[in-house]
Amino acid sequence: MATSVLAPMVGKILKVEKKAGERVEEDDVVVVMEAMKMEIPVVAPTGGTIKVIKVSPGQAVEAEQELAVIE
Amino acid sequence: MESALFSGLQGLFLGIANLSLGQVIMILVGSALLYLGIKKGYEPLLLVPIGFGAILVNIPLAEMMEKDGFLRFFYDTGVLTEVFPLLIFIGIGAMTDFQPLLENPKIILLGAAGQFGIFLTLLLALAVGFDKLDAVAVAIIGACDGPTAIYVSSKFAPHLLGAISVAAYSYMSLVPLIQPPIMRLLTTDRERKIVMGLVRQPVSKTTKILFPIVVTIFASILAPKGAPLIGTVMLGNLMKESGVVDRLKSASENEIANIVTLLLGLCIGATMEADRFLRAQTLLILGLGFVAISLDTAVGVLFGKLMCFLTGGKINPLIGAAGISAFPMSARVVQVEGQKYNKKNYLLMHAMSANAGGQIGSVIAAAVMLSVLQGMGIIGG
(Lines give C-alpha, C1' and ligand atoms only; values in the text may rest on other atoms or scores of the structure.)
Protein backbone atom coordinates (compact mmCIF):
# COMPACT_ATOMS: atom_id res chain seq x y z
CA MET A 1 0.00 0.00 0.00
CA ALA A 2 1.38 3.43 -0.93
CA THR A 3 1.66 6.15 1.69
CA SER A 4 2.26 9.80 0.82
CA VAL A 5 4.73 12.03 2.63
CA LEU A 6 2.95 15.39 2.74
CA ALA A 7 4.30 18.89 3.37
CA PRO A 8 3.07 19.87 6.85
CA MET A 9 3.00 23.57 5.95
CA VAL A 10 3.85 26.08 3.25
CA GLY A 11 7.59 26.40 2.75
CA LYS A 12 10.62 25.62 0.64
CA ILE A 13 12.52 22.36 0.21
CA LEU A 14 16.05 22.62 1.60
CA LYS A 15 17.36 19.06 1.35
CA VAL A 16 16.12 15.70 0.10
CA GLU A 17 17.58 13.07 2.43
CA LYS A 18 16.39 9.87 0.72
CA LYS A 19 16.47 8.52 -2.83
CA ALA A 20 13.91 6.50 -4.75
CA GLY A 21 14.41 2.81 -4.01
CA GLU A 22 15.89 3.49 -0.56
CA ARG A 23 14.41 1.73 2.51
CA VAL A 24 13.10 3.95 5.30
CA GLU A 25 11.92 3.26 8.83
CA GLU A 26 9.00 5.11 10.37
CA ASP A 27 10.17 8.59 11.58
CA ASP A 28 13.25 8.65 9.32
CA VAL A 29 13.78 12.13 7.85
CA VAL A 30 12.83 12.11 4.15
CA VAL A 31 12.95 15.81 3.33
CA VAL A 32 14.08 18.93 5.21
CA MET A 33 12.01 21.99 4.45
CA GLU A 34 12.26 25.60 5.47
CA ALA A 35 9.34 27.55 6.87
CA MET A 36 9.43 30.82 8.81
CA LYS A 37 13.27 30.80 8.49
CA MET A 38 13.40 27.50 10.34
CA GLU A 39 14.46 24.03 9.25
CA ILE A 40 11.67 21.49 9.61
CA PRO A 41 12.51 17.79 9.18
CA VAL A 42 9.65 15.99 7.44
CA VAL A 43 9.63 12.32 8.47
CA ALA A 44 8.32 9.08 6.98
CA PRO A 45 4.83 8.41 8.38
CA THR A 46 5.48 4.69 7.99
CA GLY A 47 8.31 2.28 7.14
CA GLY A 48 8.82 0.99 3.56
CA THR A 49 10.64 1.73 0.35
CA ILE A 50 10.67 5.15 -1.27
CA LYS A 51 8.85 4.75 -4.54
CA VAL A 52 9.28 8.29 -5.78
CA ILE A 53 10.59 11.66 -4.57
CA LYS A 54 8.48 14.42 -6.06
CA VAL A 55 10.40 17.54 -5.02
CA SER A 56 13.89 18.96 -5.31
CA PRO A 57 15.89 21.46 -3.19
CA GLY A 58 14.88 25.07 -3.66
CA GLN A 59 11.33 24.19 -4.68
CA ALA A 60 8.44 26.02 -3.02
CA VAL A 61 5.70 23.74 -1.67
CA GLU A 62 2.15 24.21 -0.48
CA ALA A 63 0.75 22.67 2.69
CA GLU A 64 -0.31 19.04 2.09
CA GLN A 65 1.59 18.86 -1.21
CA GLU A 66 2.89 15.35 -1.85
CA LEU A 67 6.68 15.27 -1.35
CA ALA A 68 7.33 11.56 -1.73
CA VAL A 69 5.57 8.21 -1.88
CA ILE A 70 6.49 5.24 0.31
CA GLU A 71 5.48 1.68 -0.59
CA MET B 1 56.15 78.47 27.75
CA GLU B 2 57.28 75.28 29.43
CA SER B 3 54.65 75.51 32.13
CA ALA B 4 51.93 76.16 29.54
CA LEU B 5 53.03 73.05 27.67
CA PHE B 6 53.08 71.09 30.89
CA SER B 7 49.55 72.24 31.78
CA GLY B 8 48.37 71.33 28.29
CA LEU B 9 49.84 67.85 28.58
CA GLN B 10 48.26 67.53 32.00
CA GLY B 11 44.90 68.15 30.33
CA LEU B 12 45.39 64.96 28.36
CA PHE B 13 45.50 63.00 31.59
CA LEU B 14 42.39 64.61 33.12
CA GLY B 15 40.18 61.88 31.69
CA ILE B 16 42.25 59.17 33.32
CA ALA B 17 42.38 61.09 36.60
CA ASN B 18 38.60 61.34 36.62
CA LEU B 19 37.90 57.75 35.62
CA SER B 20 35.98 55.98 38.38
CA LEU B 21 35.88 52.26 39.08
CA GLY B 22 32.18 52.27 38.23
CA GLN B 23 32.89 53.77 34.83
CA VAL B 24 35.54 51.14 34.16
CA ILE B 25 33.02 48.42 35.05
CA MET B 26 30.37 49.98 32.80
CA ILE B 27 32.83 50.30 29.91
CA LEU B 28 33.46 46.58 30.36
CA VAL B 29 29.70 45.93 30.45
CA GLY B 30 29.32 47.92 27.22
CA SER B 31 32.16 45.92 25.68
CA ALA B 32 30.49 42.68 26.80
CA LEU B 33 27.27 43.78 25.04
CA LEU B 34 29.29 44.52 21.90
CA TYR B 35 30.89 41.07 22.16
CA LEU B 36 27.48 39.39 22.49
CA GLY B 37 26.12 41.34 19.55
CA ILE B 38 29.11 41.01 17.22
CA LYS B 39 30.61 37.66 18.11
CA LYS B 40 27.57 35.73 19.35
CA GLY B 41 25.00 37.35 17.09
CA TYR B 42 22.53 38.08 19.96
CA GLU B 43 20.25 40.88 18.78
CA PRO B 44 23.17 42.74 17.10
CA LEU B 45 20.95 45.51 15.75
CA LEU B 46 20.30 46.55 19.33
CA LEU B 47 23.27 45.37 21.30
CA VAL B 48 25.82 47.12 19.09
CA PRO B 49 24.36 50.63 19.52
CA ILE B 50 23.40 49.93 23.17
CA GLY B 51 26.87 48.65 24.02
CA PHE B 52 28.55 51.56 22.27
CA GLY B 53 26.20 54.05 23.91
CA ALA B 54 27.07 52.52 27.30
CA ILE B 55 30.77 53.01 26.60
CA LEU B 56 30.31 56.61 25.39
CA VAL B 57 28.25 57.70 28.37
CA ASN B 58 30.84 56.39 30.81
CA ILE B 59 33.76 58.31 29.32
CA PRO B 60 34.76 60.79 32.04
CA LEU B 61 34.32 64.49 31.24
CA ALA B 62 32.77 63.76 27.83
CA GLU B 63 29.38 64.90 29.22
CA MET B 64 27.38 63.10 26.56
CA MET B 65 24.27 63.03 28.75
CA GLU B 66 24.69 66.48 30.26
CA LYS B 67 22.63 69.42 29.05
CA ASP B 68 23.42 70.01 25.33
CA GLY B 69 25.30 66.70 25.21
CA PHE B 70 25.09 64.70 22.00
CA LEU B 71 23.25 61.72 23.52
CA ARG B 72 21.08 63.92 25.75
CA PHE B 73 19.61 65.55 22.65
CA PHE B 74 18.43 62.25 21.17
CA TYR B 75 17.28 61.01 24.58
CA ASP B 76 15.17 64.10 25.26
CA THR B 77 13.66 64.31 21.79
CA GLY B 78 13.11 60.61 21.13
CA VAL B 79 12.86 58.69 24.37
CA LEU B 80 11.33 61.12 26.85
CA THR B 81 8.70 62.01 24.27
CA GLU B 82 8.16 58.24 23.53
CA VAL B 83 8.47 59.00 19.83
CA PHE B 84 11.22 56.46 19.12
CA PRO B 85 9.44 53.34 20.40
CA LEU B 86 6.23 54.44 18.68
CA LEU B 87 8.00 54.82 15.33
CA ILE B 88 9.43 51.33 15.85
CA PHE B 89 5.90 50.04 16.45
CA ILE B 90 4.79 51.29 13.03
CA GLY B 91 7.62 49.25 11.51
CA ILE B 92 6.68 46.19 13.55
CA GLY B 93 3.07 46.45 12.40
CA ALA B 94 4.27 46.72 8.80
CA MET B 95 6.33 43.55 9.24
CA THR B 96 3.77 41.45 11.13
CA ASP B 97 1.52 39.01 9.38
CA PHE B 98 -1.58 38.35 11.46
CA GLN B 99 -2.84 35.72 9.00
CA PRO B 100 -1.98 32.71 11.24
CA LEU B 101 -4.04 34.32 13.98
CA LEU B 102 -6.98 35.15 11.72
CA GLU B 103 -6.95 31.57 10.42
CA ASN B 104 -7.34 30.25 13.91
CA PRO B 105 -8.89 33.01 16.04
CA LYS B 106 -9.51 30.96 19.19
CA ILE B 107 -5.75 30.72 19.62
CA ILE B 108 -5.70 34.44 20.51
CA LEU B 109 -6.76 33.29 23.98
CA LEU B 110 -3.30 31.81 24.41
CA GLY B 111 -1.83 35.19 23.49
CA ALA B 112 -3.89 36.70 26.30
CA ALA B 113 -2.94 33.97 28.78
CA GLY B 114 0.72 34.49 27.94
CA GLN B 115 0.51 37.97 29.44
CA PHE B 116 -0.56 37.01 32.95
CA GLY B 117 3.04 36.85 34.09
CA ILE B 118 3.15 40.63 33.66
CA PHE B 119 0.46 41.13 36.25
CA LEU B 120 1.90 38.54 38.65
CA THR B 121 5.32 40.17 38.35
CA LEU B 122 3.77 43.57 39.01
CA LEU B 123 2.53 42.28 42.36
CA LEU B 124 5.93 40.75 43.07
CA ALA B 125 7.76 43.97 42.17
CA LEU B 126 5.46 45.95 44.47
CA ALA B 127 6.05 43.37 47.21
CA VAL B 128 9.83 43.77 47.03
CA GLY B 129 9.51 47.51 47.38
CA PHE B 130 9.53 49.01 43.90
CA ASP B 131 7.68 52.27 43.55
CA LYS B 132 4.31 51.81 41.75
CA LEU B 133 5.38 53.21 38.39
CA ASP B 134 8.77 51.51 38.52
CA ALA B 135 7.02 48.21 39.26
CA VAL B 136 4.83 48.62 36.16
CA ALA B 137 7.87 49.20 33.99
CA VAL B 138 9.69 46.20 35.46
CA ALA B 139 6.68 43.90 35.10
CA ILE B 140 6.29 44.78 31.43
CA ILE B 141 9.57 42.92 30.74
CA GLY B 142 7.25 39.90 30.93
CA ALA B 143 5.63 41.06 27.71
CA CYS B 144 8.80 39.69 26.12
CA ASP B 145 8.47 42.49 23.64
CA GLY B 146 11.38 44.96 23.58
CA PRO B 147 9.64 48.02 22.15
CA THR B 148 6.68 47.66 24.55
CA ALA B 149 9.07 47.47 27.51
CA ILE B 150 10.95 50.52 26.21
CA TYR B 151 7.73 52.46 25.64
CA VAL B 152 6.35 51.80 29.11
CA SER B 153 9.62 52.46 30.92
CA SER B 154 10.39 55.62 28.96
CA LYS B 155 6.94 56.87 29.94
CA PHE B 156 6.97 55.98 33.63
CA ALA B 157 10.44 55.03 34.74
CA PRO B 158 12.98 56.57 32.35
CA HIS B 159 15.71 56.19 35.00
CA LEU B 160 15.30 52.40 34.70
CA LEU B 161 15.27 52.34 30.91
CA GLY B 162 18.80 50.90 30.57
CA ALA B 163 18.29 48.05 33.01
CA ILE B 164 14.81 47.20 31.71
CA SER B 165 15.84 47.21 28.04
CA VAL B 166 18.90 45.10 28.69
CA ALA B 167 16.80 42.64 30.71
CA ALA B 168 14.04 42.53 28.06
CA TYR B 169 16.37 41.94 25.13
CA SER B 170 18.62 39.49 27.01
CA TYR B 171 15.69 37.32 28.02
CA MET B 172 14.17 37.50 24.54
CA SER B 173 17.35 36.03 23.12
CA LEU B 174 17.39 33.44 25.91
CA VAL B 175 13.83 32.24 25.22
CA PRO B 176 15.16 28.98 23.66
CA LEU B 177 16.89 28.24 26.98
CA ILE B 178 14.28 29.55 29.43
CA GLN B 179 11.11 28.05 27.96
CA PRO B 180 11.77 24.33 27.31
CA PRO B 181 12.31 23.24 30.95
CA ILE B 182 9.08 25.00 31.99
CA MET B 183 7.20 23.45 29.06
CA ARG B 184 8.42 19.99 30.01
CA LEU B 185 7.70 20.45 33.69
CA LEU B 186 4.06 21.39 33.14
CA THR B 187 3.03 18.90 30.46
CA THR B 188 2.73 15.13 30.33
CA ASP B 189 4.41 12.99 27.71
CA ARG B 190 1.01 12.21 26.21
CA GLU B 191 0.11 15.91 25.90
CA ARG B 192 3.42 16.78 24.23
CA LYS B 193 2.77 14.11 21.60
CA ILE B 194 -0.62 15.49 20.52
CA VAL B 195 -0.62 16.05 16.76
CA MET B 196 -2.54 19.11 15.57
CA GLY B 197 -3.91 18.97 12.04
CA LEU B 198 -3.57 21.60 9.37
CA VAL B 199 -5.48 24.83 9.71
CA ARG B 200 -7.15 25.67 6.46
CA GLN B 201 -9.36 28.63 7.08
CA PRO B 202 -9.19 31.06 4.16
CA VAL B 203 -8.79 34.68 5.23
CA SER B 204 -10.10 37.33 2.86
CA LYS B 205 -8.21 40.52 2.04
CA THR B 206 -11.13 42.53 3.45
CA THR B 207 -10.77 40.75 6.81
CA LYS B 208 -7.06 41.46 6.84
CA ILE B 209 -7.70 45.16 6.13
CA LEU B 210 -10.53 45.46 8.65
CA PHE B 211 -8.59 43.70 11.41
CA PRO B 212 -6.15 46.55 12.25
CA ILE B 213 -8.91 49.16 12.03
CA VAL B 214 -11.35 47.26 14.25
CA VAL B 215 -8.68 46.31 16.81
CA THR B 216 -7.51 49.93 17.01
CA ILE B 217 -10.98 51.32 17.57
CA PHE B 218 -12.13 48.73 20.12
CA ALA B 219 -8.87 48.27 22.03
CA SER B 220 -8.24 52.04 22.17
CA ILE B 221 -11.71 52.81 23.44
CA LEU B 222 -11.28 50.09 26.06
CA ALA B 223 -7.80 51.22 27.03
CA PRO B 224 -7.32 54.81 25.80
CA LYS B 225 -3.89 55.17 27.43
CA GLY B 226 -2.64 52.43 25.16
CA ALA B 227 -3.97 54.03 21.98
CA PRO B 228 -0.53 55.24 20.84
CA LEU B 229 0.86 51.70 21.21
CA ILE B 230 -2.01 49.87 19.52
CA GLY B 231 -2.58 52.62 16.98
CA THR B 232 0.99 52.64 15.69
CA VAL B 233 1.26 48.84 15.39
CA MET B 234 -2.07 48.67 13.60
CA LEU B 235 -1.29 51.63 11.32
CA GLY B 236 1.81 49.77 10.15
CA ASN B 237 -0.22 46.62 9.64
CA LEU B 238 -2.96 48.46 7.74
CA MET B 239 -0.34 49.92 5.40
CA LYS B 240 0.96 46.39 4.77
CA GLU B 241 -2.42 44.76 4.21
CA SER B 242 -4.02 47.54 2.18
CA GLY B 243 -1.27 47.24 -0.42
CA VAL B 244 -1.83 50.81 -1.60
CA VAL B 245 0.99 52.59 0.26
CA ASP B 246 3.93 50.36 -0.46
CA ARG B 247 6.39 53.27 -0.27
CA LEU B 248 5.23 54.24 3.22
CA LYS B 249 5.17 50.63 4.38
CA SER B 250 8.63 50.04 3.01
CA ALA B 251 9.99 53.23 4.63
CA SER B 252 8.41 52.24 7.98
CA GLU B 253 9.95 48.79 8.08
CA ASN B 254 13.29 49.81 6.58
CA GLU B 255 14.60 53.39 6.65
CA ILE B 256 12.55 54.70 9.59
CA ALA B 257 12.92 51.52 11.66
CA ASN B 258 16.67 51.41 10.97
CA ILE B 259 17.33 55.04 11.87
CA VAL B 260 15.20 54.83 15.00
CA THR B 261 16.76 51.52 16.05
CA LEU B 262 20.20 53.11 15.87
CA LEU B 263 19.21 56.21 17.85
CA LEU B 264 17.09 54.28 20.35
CA GLY B 265 19.90 51.81 20.96
CA LEU B 266 22.36 54.65 21.60
CA CYS B 267 19.89 56.31 23.97
CA ILE B 268 19.35 53.08 25.92
CA GLY B 269 23.11 52.72 26.25
CA ALA B 270 23.22 56.35 27.35
CA THR B 271 21.02 55.54 30.36
CA MET B 272 23.65 53.09 31.59
CA GLU B 273 25.78 55.60 33.50
CA ALA B 274 27.79 53.90 36.23
CA ASP B 275 26.15 55.64 39.19
CA ARG B 276 22.68 54.87 37.85
CA PHE B 277 23.23 51.33 36.60
CA LEU B 278 25.55 49.78 39.17
CA ARG B 279 22.95 49.32 41.87
CA ALA B 280 21.40 46.34 43.58
CA GLN B 281 18.14 47.46 41.93
CA THR B 282 19.51 46.52 38.49
CA LEU B 283 20.11 42.95 39.64
CA LEU B 284 16.62 42.90 41.10
CA ILE B 285 15.21 44.05 37.75
CA LEU B 286 17.12 41.31 35.94
CA GLY B 287 15.78 38.78 38.45
CA LEU B 288 12.18 39.98 38.20
CA GLY B 289 12.39 40.04 34.41
CA PHE B 290 13.37 36.39 34.47
CA VAL B 291 10.48 35.62 36.80
CA ALA B 292 8.09 37.52 34.52
CA ILE B 293 9.04 35.59 31.39
CA SER B 294 8.99 32.26 33.22
CA LEU B 295 5.55 33.00 34.66
CA ASP B 296 4.22 34.03 31.24
CA THR B 297 5.42 30.75 29.78
CA ALA B 298 3.95 28.77 32.66
CA VAL B 299 0.54 30.45 32.48
CA GLY B 300 0.50 30.08 28.68
CA VAL B 301 1.22 26.36 28.89
CA LEU B 302 -1.32 25.86 31.70
CA PHE B 303 -3.95 27.64 29.63
CA GLY B 304 -2.95 25.41 26.72
CA LYS B 305 -3.66 22.44 28.99
CA LEU B 306 -7.09 23.84 29.77
CA MET B 307 -7.81 24.29 26.04
CA CYS B 308 -6.55 20.76 25.46
CA PHE B 309 -9.02 19.48 28.05
CA LEU B 310 -11.93 21.56 26.72
CA THR B 311 -11.34 20.48 23.11
CA GLY B 312 -11.09 16.82 24.06
CA GLY B 313 -7.34 16.64 23.43
CA LYS B 314 -7.19 18.48 20.08
CA ILE B 315 -4.79 21.21 21.24
CA ASN B 316 -1.19 20.49 22.14
CA PRO B 317 -0.55 22.52 25.32
CA LEU B 318 3.02 23.25 24.22
CA ILE B 319 1.73 25.94 21.85
CA GLY B 320 0.67 27.92 24.92
CA ALA B 321 4.35 28.78 25.44
CA ALA B 322 4.22 30.80 22.22
CA GLY B 323 1.55 33.03 23.78
CA ILE B 324 4.34 35.31 24.99
CA SER B 325 5.31 37.93 22.47
CA ALA B 326 8.93 36.97 21.54
CA PHE B 327 8.05 36.63 17.87
CA PRO B 328 8.84 34.27 16.16
CA MET B 329 11.40 32.81 18.56
CA SER B 330 8.98 31.14 20.96
CA ALA B 331 6.99 29.61 18.07
CA ARG B 332 10.21 28.01 16.87
CA VAL B 333 10.90 26.70 20.37
CA VAL B 334 7.46 25.06 20.36
CA GLN B 335 8.10 23.41 16.98
CA VAL B 336 11.45 22.01 18.17
CA GLU B 337 10.06 20.76 21.50
CA GLY B 338 6.97 19.21 19.90
CA GLN B 339 9.01 17.32 17.34
CA LYS B 340 11.35 16.04 20.06
CA TYR B 341 8.51 13.98 21.50
CA ASN B 342 6.70 13.08 18.31
CA LYS B 343 8.62 13.32 15.06
CA LYS B 344 5.36 13.55 13.12
CA ASN B 345 4.35 16.65 15.01
CA TYR B 346 4.50 19.97 13.16
CA LEU B 347 3.31 22.66 15.56
CA LEU B 348 5.00 25.67 13.95
CA MET B 349 1.99 27.28 12.30
CA HIS B 350 -0.24 26.74 15.34
CA ALA B 351 2.47 28.22 17.53
CA MET B 352 2.74 31.15 15.10
CA SER B 353 -0.96 31.85 15.65
CA ALA B 354 -0.42 31.92 19.41
CA ASN B 355 2.69 34.03 18.89
CA ALA B 356 0.85 36.62 16.78
CA GLY B 357 -1.82 36.61 19.50
CA GLY B 358 0.95 37.21 22.03
CA GLN B 359 2.17 40.21 20.06
CA ILE B 360 -1.22 41.82 20.16
CA GLY B 361 -1.68 40.54 23.71
CA SER B 362 1.47 42.24 25.02
CA VAL B 363 0.54 45.57 23.49
CA ILE B 364 -3.03 45.30 24.81
CA ALA B 365 -1.79 44.15 28.23
CA ALA B 366 0.41 47.25 28.43
CA ALA B 367 -2.50 49.40 27.27
CA VAL B 368 -4.85 47.86 29.84
CA MET B 369 -2.30 48.34 32.59
CA LEU B 370 -1.87 52.02 31.70
CA SER B 371 -5.61 52.60 31.67
CA VAL B 372 -6.13 50.74 34.96
CA LEU B 373 -3.40 52.86 36.54
CA GLN B 374 -5.10 55.97 35.22
CA GLY B 375 -8.39 54.75 36.67
CA MET B 376 -6.69 54.24 40.03
CA GLY B 377 -5.31 57.76 39.86
CA ILE B 378 -1.70 56.54 39.90
CA ILE B 379 -0.95 58.21 36.58
CA GLY B 380 -2.41 61.39 35.20
CA GLY B 381 -5.25 61.58 32.68
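Residue numbers start from 1 in every chain, and the chains themselves are labelled A, B, ... in the order their sequence lines are given, proteins ahead of strands. Keep in mind that the numbers below use all heavy atoms, side chains included, and drop hydrogens, waters and symmetry copies.
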Exercise for the section: Side chain from CB out, backbone as N, CA, C, O: work out which of these in A:Ala44 comes under 4.5 Å of a heavy atom of chain B, or both, or neither. Expected result: backbone

Practice task
Tell me, out of A:Ala35, A:Pro45, A:Pro41, who's got the most heavy-atom pairs with chain B below 4.5 Å.
Solution key: A:Pro41

Handout entry: Whether B:Gln339 side chain and B:Lys343 backbone form a donor-acceptor pair below 3.5 Å
Key = yes

Completion exercise
Okay, A:Val29 and chain B: the region with an atom under 4.5 Å from a heavy atom over there is neither

Handout entry: Donor-acceptor contact present, side-chain B:Asn355 to main-chain B:Ile324, <3.5 Å
Key = yes

Exercise for the section: Look at the side chain of B:Arg192 and the backbone N and O of B:Leu318, then say whether any donor-acceptor pair between them is shorter than 3.5 Å. Expected result: no

Exercise for the section: Check step by step if side chain to side chain contact (heavy atoms under 4.5 Å, CB included) holds for A:Val10 and B:Met349. Expected result: CA-CA 9 Å; A:Val10 180; B:Met349 296 318 281; over 6 Å; no

